Amino acid sequence: MENFWQTPTEVEEDLAEAVRGSRTIGAHKDLVLHGGGNSSIKSTITDPTGRSVQVVYVKGSGWDMATIEPRGFVPLRISRLHELLEVENISDTELVNELRCAMTNAKSPDPSIESLLHALLPHRAVLHSHADAIISLSNQPDPEQLVRQVYGDTVVVVPYVMPGFDLARVCNEIWPEQATDITKGMVLLNHGLFTFGESMEEAYALHIRLISEAETFLTARGPTLKRHSAVVTPSAQQIVALRKSLSDHAKRPLIVSHAADDAISSFVTQSALSNLCNGPATPDHIIRTKQLPLVGEAVSGREVAEYVAEYIKYFERNRHRSRDSLSMLDPTPRYILDSKHGMYSVGKTKKDADIVFDIVSHTFKIITDANAVGTYTSLPEGDLFDIEYWELEQAKLLLGASSPELSGQIAIVTGAASGIGRACAEVLMSLGASVVGIDISASVVGMFEGPQWLGLCADVCDRAALDLALEQTALTFGGLDILVLAAGVFGQSSPISDLEASSWDRTIEVNFNAAQRLLTASHPLLKNSPVGGKVVLIGTKNVAAPGPGAAAYSTSKAALIQLGRVAALEWAADGIRVNFVHPDAVFDTGLWTPELLAERAAKYEMTVDEYKHRNLLSTEVTSNKVAQMVGTMCTDVFSATTGAQVPVDGGNERVI
Ligand code: ZN
């Protein structure tokens, strides 16, 4: 393992040094993932009374090692932490309270539950990771033997104990027994590695050194995986059926993300896959991955139901372990290993599913390396259950972390690169939906950042491209719940007597024919939505109140609405709602340049501002106002409404 330490050019303050050490560890994905690991530095501060106070700055809960900032560290009075180490027994809820009371800055976040452990180590700088190589050595039937084979007496070895107060107490006993002048680190079996020193540079160097020794040991014995058979990409229909089953059991819509890269294909086609994956690599992963994956071939709803039944039994078997009455977590698997199709990661959001993917990808390597030197053996289910149903995690559940209304739902928006389409994509994402934006403009690809956005550059008139977009939607997110058709062209502005056939045809093709094809192709996916499909068609004021000179536009939109009304009739039995918005005079779109606006306003002898407010309510109609209506139509506010046509035009006498 490479040492990435960068020596600072000037002498650093303690906190800056802690940040540097943590971020350097955080940059290695095979050391810490998604909030794992922690760090600390000891220091002296002067309090307002003028007294010197010995503190330990410990990583705050919820901060990521890779991106932590100085305010992510919590200053705690070391003397108080040493007093707490003498207590016989204390619950983790009480411990969190005591740790908060030991802070010297009331605004700090909750300190890591491992703060006592950091305080008891005598060194100034401490780093802790869940390094893959250490886990491969220590997830074994006899882990201490292997760890000693690699490190001899240069490390303190601590058997598995649940993180928190119990672990700190055990370390407090073992440390004085085992630590010597040659101690380089402390291995927590089935958990991870601590190193320490008088500086972060020293602690980091020891971390890299110990992990490199483990890697050398593993690679000397490690065979590479060979793929046993090819995996095939599942069809969109197979994926949406799987997502529906998972979501029905979870009682909420879930994101299901497919992957089948080389490493995954090699892993899922191993024989005796269920035996290989006998539990998470480190106990903290269980919150993300659950104890076990669903393993099968061409997995369907039947296997999901069997998994759920097993999970309920596991919960019933272990619930007595807690003193409190427990609420069962969502019983569906967080990842599925499918020997025919690859892997699916599952989450309430795409971000959650991606975190599962990252963790599982590392777990594959850990298992393979562990089996090269022994037999990968996760913790017994009781220990894992204790973490999954840890009182601190249950407390968070009881607080009911609410998610946005469309969380876990998946939308397609056409014409998403500008104007109303773009605003719809933005509003749907703000409501929690994952959105696939389709547009002929390539700018759609990078329009928004983050895992809940997938921009696809495609012409809505290209059937093959639309089929591909639907397939990508299913592979990336797992299905389709919301379809917003906003792509459209205005076409040639001329009287019917001068209409050119090509302009007419193009307008009808984009605004009507392409919409029909996407509606038809989307129906099988929308029908399988676990929450009922929603379609919103963007019409125009011109449907109810056409004007001269826009025959192709008005006709194509009127035809689109008629098509949608029939869809509302035909698809109600499938639980799919079809509603319509009719915007007018939306000027913040790509169609309207400042020059064009000025020209039109002048034509009516108005200022641009007067022209923009030319409606009964004298209000400006923006893309966002239209999008807010579209977003609302996709929420439960409209759960009893289909076939509704709502104007968003500031009020128009001819429409009313
Ligand atoms: Zn840890």
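Predicted, not measured: the structure shown is a model, and the values here were computed from it.
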Check your understanding: Any Lys/Arg nitrogen of Arg288 or Asp352 sitting under 4.0 Å from an Asp/Glu carboxylate oxygen of the other?
Key -> yes
Check your understanding: So with a 6.0 Å cut-off around CD of Gln6, is the heavy-atom count from everything else above 12?
Key -> no
Review point. Please walk me through it: do Tyr335 and Phe357 pass ring-ring contact (aromatic ring centres under 6.0 Å, His included)?
Key: CA-CA 8 Å; Tyr335 69 106; Phe357 174 84; over 10 Å; no
Check your understanding: So Tyr314 and Phe385, would you call those rings parallel, tilted or perpendicular, with 30° and 60° as cut-offs?
Key -> perpendicular
**Study point:** Tyr307 and Ile336, any side-chain heavy atoms less than 4.5 Å apart
**Key:** no
Review point. Are Asp30 and Lys365 close enough for a salt bridge, meaning some N to O gap below 4.0 Å?
Key: no
Practice item. Would you mind reporting whether Leu193 and Met186 have side-chain heavy atoms less than 4.5 Å apart? Key: no
Practice item. Using the test side-chain contact (heavy atoms from CB on, under 4.5 Å), find all partners of Ser91 that sit at least two apart in sequence or belong to another chain. Key: Thr93, Glu94, Arg323, Glu391
Exercise for review: Go through the structure and list residues passing side chain to side chain donor-acceptor pair (under 3.5 Å) with Glu201, not counting sequence neighbours.
Suggested key: none
Exercise for review: Kindly state whether the ring of Trp453 and the ring of Phe477 have centres lying under 6.0 angstrom apart.
Suggested key: no
Review point. How far does OG of Ser345 sit from CG of Asp354, to the nearest 0.5 angstrom?
Key: 6.5 Å
Check your understanding: Between the side chains of Gln54 and Thr44, is a donor N or O closer than 3.5 angstrom to an acceptor N or O?
Key -> yes
Practice item. Look at atom CD of Glu316 and say whether more than 12 heavy atoms of other residues, nucleotides or ligands are closer to it than 6.0 Å. Key: yes
Check your understanding: Say you draw a straight line from CD1 of Ile174 to CD of Glu177; how long is it, rounded to the nearest 0.5 Å?
Key -> 6.5 Å
Exercise for review: Please check if any side-chain donor atom of Ser129 sits under 3.5 Å from a side-chain acceptor atom of His207, or the reverse.
Suggested key: yes
Check your understanding: Side chains of Thr349 and Gln452: does their closest heavy-atom pair fall under 4.5 Å?
Key -> no
Exercise for review: Find out whether the Lys NZ or Arg CZ of Arg221 is both under 6.0 angstrom from the six-membered ring centre of Phe217 and within 45° of the ring's axis.
Suggested key: yes
Review point. Any donor and acceptor pair, going by atom type alone, linking the side chain of Tyr376 with main-chain N or O of Gly279 inside 3.5 Å?
Key: yes
Check your understanding: If you measure from CE on Met103 to OG on Ser115, what distance do you get to the nearest 0.5 Å?
Key -> 10.5 Å
Check your understanding: In terms of the angle between their ring planes, are His130 and His191 parallel, tilted or perpendicular, with boundaries placed at 30° and 60°?
Key -> perpendicular
**Study point:** Side-chain heavy-atom pair Arg169, Asn89 within 4.5 angstrom cut-off
**Key:** no
Exercise for review: Locate the shortest heavy-atom distance separating Pro70 from Val19; write the atom from each residue and the value.
Suggested key: N-CG2, 3.6 Å
Check your understanding: How close do Leu120 and Ala168 get, heavy atom to heavy atom, and via which atoms?
Key -> CD2-O, 3.5 Å
Practice item. Begin from the C-alpha positions of His118 and Asn38 and carry the test side chain to side chain contact (heavy atoms under 4.5 Å, CB included) through to its verdict. Key: CA-CA 9 Å; His118 284 266; Asn38 48 51; 2.7 Å; yes
Review point. Any ion pair linking Glu83 and Arg80 (charged N to carboxylate O, less than 4.0 Å)?
Key: yes
Point to revise | Whether over 12 other heavy atoms sit under 6.0 Å from Arg209 CZ | key: no
Exercise for review: Give a yes or no on whether a salt bridge exists between Glu114 and Lys59, defined as a side-chain N under 4.0 angstrom from a carboxylate O.
Suggested key: no
Check your understanding: With a 4.5 Å heavy-atom cut-off, do Val187 and Val158 have their side chains touching?
Key -> no
**Study point:** Rounded distance [0.5 Å steps], CD in Gln270 versus CG in Leu337
**Key:** 11.0 Å
Point to revise | Nearest non-hydrogen partners of Gly72 and Pro109, listed with the distance | key: O-CG, 4.3 Å
Review point. Are Asp132 and His362 close enough that a side-chain donor and a side-chain acceptor fall under 3.5 Å?
Key: yes
Exercise for review: Start with the C-alpha gap between Val53 and Thr46, add the side-chain angles, then the distance that decides, and say whether side chain to side chain contact (heavy atoms under 4.5 Å, CB included) holds.
Suggested key: CA-CA 6 Å; Val53 181; Thr46 306; over 6 Å; no
Practice item. Give the intermediate values and the outcome of side chain to side chain contact (heavy atoms under 4.5 Å, CB included) for residues Tyr389 and Asp324. Key: CA-CA 10 Å; Tyr389 285 88; Asp324 308 315; over 6 Å; no
Check your understanding: Which value, rounded to the nearest 0.5 Å, describes the distance between Leu116 atom CG and Leu167 atom CG?
Key -> 10.0 Å
Exercise for review: Could you walk me through whether Leu127 and Met200 pass the side chain to side chain contact (heavy atoms under 4.5 Å, CB included) test, one step at a time?
Suggested key: CA-CA 8 Å; Leu127 288 170; Met200 277 290 164; 3.8 Å; yes
Practice item. For residues Tyr57 and Pro75, determine if any side-chain heavy atom of one lies less than 4.5 Å from a side-chain heavy atom of the other. Key: yes
Check your understanding: If we ignore angles and hydrogens, is there a donor and acceptor under 3.5 Å between the side chains of Ser43 and Asp14?
Key -> yes
Check your understanding: Does the side chain of Thr49 pick up a donor-acceptor pair with the side chain of Arg51 at under 3.5 Å?
Key -> yes
Check your understanding: For the residue pair Tyr204 and His28, does the interplanar ring angle fall in the parallel (under 30°), tilted (30 to 60°) or perpendicular (over 60°) class?
Key -> tilted
Exercise for review: For Glu215 and Met1, indicate whether the former's side chain and the latter's backbone hold a donor-acceptor pair under 3.5 Å.
Suggested key: yes
Review point. With no hydrogens and no angle check, is any side-chain donor or acceptor of Glu144 less than 3.5 Å from a backbone partner on Pro159?
Key: no
Practice item. Using a cut-off of 6.0 Å, state whether more than 12 heavy atoms not belonging to Lys42 lie near its atom NZ. Key: yes
Point to revise | For Ile25 against Val32, the heavy-atom pair lying closest together | key: O-CG2, 4.0 Å
**Study point:** Heavy-atom side-chain proximity of Asp369 to Ile135 below 4.5 angstrom
**Key:** no
Review point. Would you call Arg124 and Glu17 a salt bridge, taking side-chain N to carboxylate O under 4.0 Å as the test?
Key: yes
**Study point:** Over all atoms of both residues, closest heavy-atom pair of Tyr151 and Ile134
**Key:** OH-CD1, 3.2 Å
**Study point:** Spacing of Leu84 atom CG and Leu76 atom CG [to the nearest 0.5 Å]
**Key:** 10.0 Å
Point to revise | Side chain to side chain, Ser39 and His128, heavy atoms closer than 4.5 Å | key: no
Exercise for review: Give the minimum heavy-atom separation between Asp330 and Thr332, together with the two atoms involved.
Suggested key: OD1-OG1, 2.5 Å
